[in-house]
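Indexing begins at 1, ligand by ligand and atom by atom, following the structure's order.
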Amino acid sequence: MKLDDKTILVTGGTGSFGHCFTEYVLEHYNPKKIIVYSRDEYKQYTMANEKVYREHADKMRFFIGDVRDGARMERAMEGVDYVIHAAALKQVPACEYNPDEAIKTNVNGAQNVINAALNTGVKRVVALSTDKAVNPVNLYGATKMVSDKLFIAANAYAGNKDINFSIVRYGNVAGSRGSIIPLFKSLIEKGEKELPVTDYRMTRFWISLPEGVELVLKALEEAKGGETFISKIPSFNVKDLAEAMCPGIATREIGIRPGEKLDEIMVTVEDAPFTYEFDKHFIVYPQVTFNDRQKPDPRGKRVPDGFSYDSGNNTEWMSVEDIKARLHEAVDH
Ligand SMILES: NC(=O)c1ccc[n+]([C@@H]2O[C@H](COP(=O)([O-])OP(=O)(O)OC[C@H]3O[C@@H](n4cnc5c(N)ncnc54)[C@H](OP(=O)(O)O)[C@@H]3O)[C@@H](O)[C@H]2O)c1
């Protein structure tokens, strides 16, 4: 994607994804401007003072704003070419306990991003989704599912304008806050002799933040509107993770937590008729299309009926040694 001379706005730009994306773009392209849009001035101040952003201060803009505030979103999107929507409430228990807040940010916020993009000159919008939006069993997943549907339907309003909306879906990022790797790490550092594993059958995908960023750049470049881009990535068993992080350590099963699944699902059997496989990713195409541009890319191969893609039925698996070799990617973020 040619990001040179482009103005890019990242909602939630001070978050883990926002940091990684912004740094990547500054290092690999020569954008006109990157606008970080988020609420907390301290996070923005801290980010602005990091070396990489100080070195590119002429290209960085920090906009205080809430995705719940449609007028502010519209103001921020004036002159913007591309929008990456990463702002979200994403902790499962917090969304469960504060459902109305989760809806305001993840659903109403998504609609505000769409309206603002349609009302200004924005050309591409890529929204971040999660495996939890697939057959959701918790409110976080349900709000992200609604958000996905809003972005897919937004293509109906594009008309003749050069704008499209697409989605990038991935699972827990290795090392992300509140996930299993930082938990195991802190327990090991405290000298615990036994690590808690929710269920010995539990599997997860392994994706690093840079891999997530690359998929977003692919979506920016290739989307025609309404696609969901999903990386092909390896799976691991959570028990093997404990062994990789502390060889020989004992584990105990503590039972699955509310709102959790044994495996992460990315593509369901119901999605299969609309899913195409590429070398390094899948694309789920929209079931309802609104213009002639929304056709499957001929380079892809439709997956067979009955196909599904989850961390339990993956064909690519990480051994304990493979996990050890990639633990350095799980930096604290
Ligand atoms: N991390 C993962 O493992 C993972 C996995 C799959 C999908 N995702 C998705 O990826 C996206 C980014 O996740 P992340 O890990 O980067 O999250 P994060 O580190 O928690 O960052 C969230 C960002 O959103 C901002 N934000 C929150 N509420 C906002 C609001 N109402 N208005 C404006 N900004 C708001 C936060 O800044 P302020 O608090 O200052 O506003 C922060 O910059 C999310 O959509 C998430 O659902 C993440």
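- Using bins of under 30°, 30° to 60° and over 60° for the plane-to-plane angle, the ring pair Phe307/Phe282 lands in the tilted bin.
- Annotation for ligand 1: atoms under 4.0 Å from non-hydrogen atoms of Thr14 are 37 (O), 42 (C), 43 (O).
- With 3.5 Å as the limit, one finds no donor-acceptor pair spanning the side chains of Ser235 and Glu316.
- Relative to the six-membered ring of Tyr140, Lys132 misses at least one condition, a distance below 6.0 Å or an angle of at most 45° to the axis.
- Which of Tyr170, Phe17, Tyr37, Phe21 comes nearest to atom 48 (C) of ligand 1 through a heavy atom is settled by distance: it is Tyr170.
- Among Ile256, Asp263, Leu262, the single residue meeting the side chain to side chain contact (heavy atoms under 4.5 Å, CB included) criterion with Arg201 is Leu262.
- For the residue pair Asn314/Ser311, the side-chain donor-acceptor check at 3.5 Å is not satisfied.
- Near Asp40, with a cut-off below 4.0 Å to any heavy atom, the atoms of ligand 1 are 38 (P), 40 (O), 41 (O).
- The aromatic rings of Phe165 and Phe151 sit tilted relative to each other, their planes meeting at an angle between 30° and 60°.
- At a 4.0 Å heavy-atom cut-off, ligand 1 touches Asp66 through backbone and side chain alike.
- Looking at Tyr42 against ligand 1, nothing comes within 4.0 Å, counting heavy atoms.
- Counting heavy atoms closer than 4.0 Å to ligand 1, residue Ser129 contributes backbone atoms (N, CA, C, O) but none from C-beta onward.
- Considering backbone and side-chain atoms together, Thr130 places no N or O closer than 3.5 Å to any N or O of ligand 1.
- Interface atoms of ligand 1 facing Ala86, defined by a heavy-atom separation under 4.0 Å, are 11 (C), 12 (C), 44 (C), 45 (O).
- Of the candidates Ala88, Ala174, Ala133, Gly171, Ala88 brings a heavy atom nearest to atom 22 (C) of ligand 1.
- Checking Glu78, Lys33, Lys59 one by one against Thr7, the side chain to side chain contact (heavy atoms under 4.5 Å, CB included) holds for a single residue, Lys33.
- For the pair Arg68 and ligand 1, the shortest N or O to N or O distance does not fall below 3.5 Å.
- Between Leu89 and ligand 1, no N or O atom pair is found at a separation short of 3.5 Å.
- Close contacts between ligand 1 and Gly65 involve ligand atoms 32 (N), 33 (C) [criterion: under 4.0 Å to a heavy atom].
- Shown here are the side chain to side chain contact (heavy atoms under 4.5 Å, CB included) partners of Asn112, two or more places apart in sequence or in another chain: Met73.
- Heavy atoms from both the backbone and the side chain of Ala87 come within less than 4.0 Å of ligand 1.
- Close approach of ligand 1 to Ser176 is summarised as follows: ligand atoms under 4.0 Å from at least one heavy atom of the residue are 1 (N), 2 (C), 3 (O).
- The residues Glu277 and Lys301 are annotated as not salt-bridged, no charged nitrogen and carboxylate oxygen being separated by less than 4.0 angstrom.
- Taking 4.0 Å as the cut-off between side-chain N and carboxylate O, Asp305 and Arg302 count as a salt-bridged pair.
- Near Asn172, meaning under 4.0 Å from one of its heavy atoms, ligand 1 places the atoms 3 (O).
- Under 4.0 Å from ligand 1, not a single heavy atom of Gln44 appears.
- Within the 4.0 Å heavy-atom criterion, the part of Lys90 lying near ligand 1 is the side chain and not the backbone.
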